[in-house]
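Structure first, then comments.
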Amino acid sequence: MSRMIPKIPVTVERPWQKELADCITDPSELLARLNLSAHENEADSAARELFAMRVPRPFVAKMVAGDWHDPLFRQVYTQSAEFLQEPGFSHDPLDEQDNITPGILHKYQSRALLIVRGGCAINCRYCFRRHFPYGDNHLNKRDWMVALQHIRSDNNINEVILSGGDPLMAKDDFLAWLCDQISEIPHIRRLRIHTRLPVVIPSRVCEDLLAWINSLNLPLVMVLHINHANEIDPLLATRLQQLKRAGVTLLNQAVLLKGVNDSADALEALSERLFAAGVLPYYLHMLDKVQGAQHFDVSDERARELMAEIIRRLPGFLVPRLVREIAGQPGKTPVDLLLHP
Ligand code: SF4
């Protein structure tokens with residue numbers, strides 16, 4: 001008797017622009033897709049008034065249906081807890097909103113961060129910029145020339161970071177134009193892109209993007225944002241391999257989130273899966289204390305316990321640095337230093 005061979009589900013990839021235009025924005029639809037009943041949904045659903053829901057369908061496809069505790073689902077589902085107001089949590093935890101020249105954040109001496117696009121493909125509920133006035137940072141080409149002149153005129157800047165929002169929300173021809181300008185500045189040694197887009201819509205790593213990367217005159221570092229091993233499926237792994245082959249250095253930063261990755265098993269699995277996909281763990285961030293995300297907070301004490309455990313389990317190159325951003329500080333602060341200043 002012949003054995004039944006299970007069918008491998010075929011994932012049909014749609015162009016990234018189509019995925020962007022077809023994100024799930026209604027909590028009820030997300031619950032229905034995952035076969036979750038909408039009990040107490042009204043109170044949770046109201047939290048989208050605070051910060052819109054936005055979830056690309058390829059990211060939903062990596063969630064486990066029927067599981068309220070799915071670690072990917074928890075990152076994007078609106079919750080009534082977002083209405084709680086806890087002391088120490090604010091709208092602008094990193095004091096970014098008052099001291100901004102349009103389009104550019106120059107917090108670190110040697111690095112300038114360009115806000116290439118406001119908004120992201122996905123709205124992570126814990127996002128430290130969930131209250132950020134991206135609308136005030138919409139630049140035209142003239143504004144870009146001013147931002148570029150700022151970089152040109154400061155020899156201390158040797159690295160430009162494209163951030164946002166998510167810089168890969170920009171069209172490839174705009175990225176090519178911007179990076180051409182940057183690569184002509186003699187003191188710039190490398191370019192860095194902070195993005196979550198390929199993680200939530202892998203087809204963003206399209207031919208045009210790869211062609212642009214191949215034509216770049218500067219070394220490119222891509223810092224991805226992946227919080228849980230389940231975010232790395234075979235499709236994403238294939239796209240990451242394409243980026244590696246194009247010469248991109250791939251790093252990851254994760255946020256330590258209660259109910260998502262706050263266990264040694266989850267952190268170990270994340271590091272292992274990242275390495276298998278050609279990505280090195282870089283930072284594990286403590287939550288920035290943004291209002292509406294209190295329910296994701298993990299204490300420093302628990303974070304240190306977790307780090308001690310994963311240091312026992314993993315080789316050093318797979319252990320990310322546990323850090324916190326502190327408003328006004330010139331760099332990220334290792335959490336150990338917070339204990340012994
Ligand atoms: S991808 Fe990053 S910047 Fe965008 S919503 Fe998520 S946490 Fe915020």
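Excluded from the calculations below are hydrogen atoms, water molecules and symmetry mates; all remaining heavy atoms, backbone and side chain alike, are included. Indexing begins at 1, ligand by ligand and atom by atom, following the structure's order.
- Under 4.0 Å from ligand 1, the heavy atoms of C120 that appear belong solely to its side chain.
- Within the structure, the closest approach of I122 to ligand 1 falls below 4.0 Å when heavy atoms are considered.
- Between atom 2 (Fe) of ligand 1 and the options H285, H225, H194, the minimum heavy-atom separation is to H225.
- The nearest non-hydrogen atom to atom 6 (Fe) of ligand 1, considering only C124, G118, C127, comes from C124.
- Set against the non-hydrogen atoms of R196, the atoms of ligand 1 under 4.0 Å away are 1 (S).
- For Q109, the CD atom sits in a loose shell: 12 or fewer heavy atoms of surrounding residues, nucleotides or ligands are nearer than 6.0 Å.
- With sequence neighbours excluded, no residue satisfies side-chain hydrogen bond (donor to acceptor under 3.5 Å, both in side chains) with Q17.
- At least one side-chain heavy atom of L240 sits under 4.5 Å from a side-chain heavy atom of L224.
- Through chains of ILVMFWY side-chain contacts below 4.5 Å, L287 is grouped with F89, Y126, V255, L257, V260, F296.
- Classified by interplanar angle (parallel below 30°, tilted 30° to 60°, perpendicular above 60°), the ring pair F73/Y77 is parallel.
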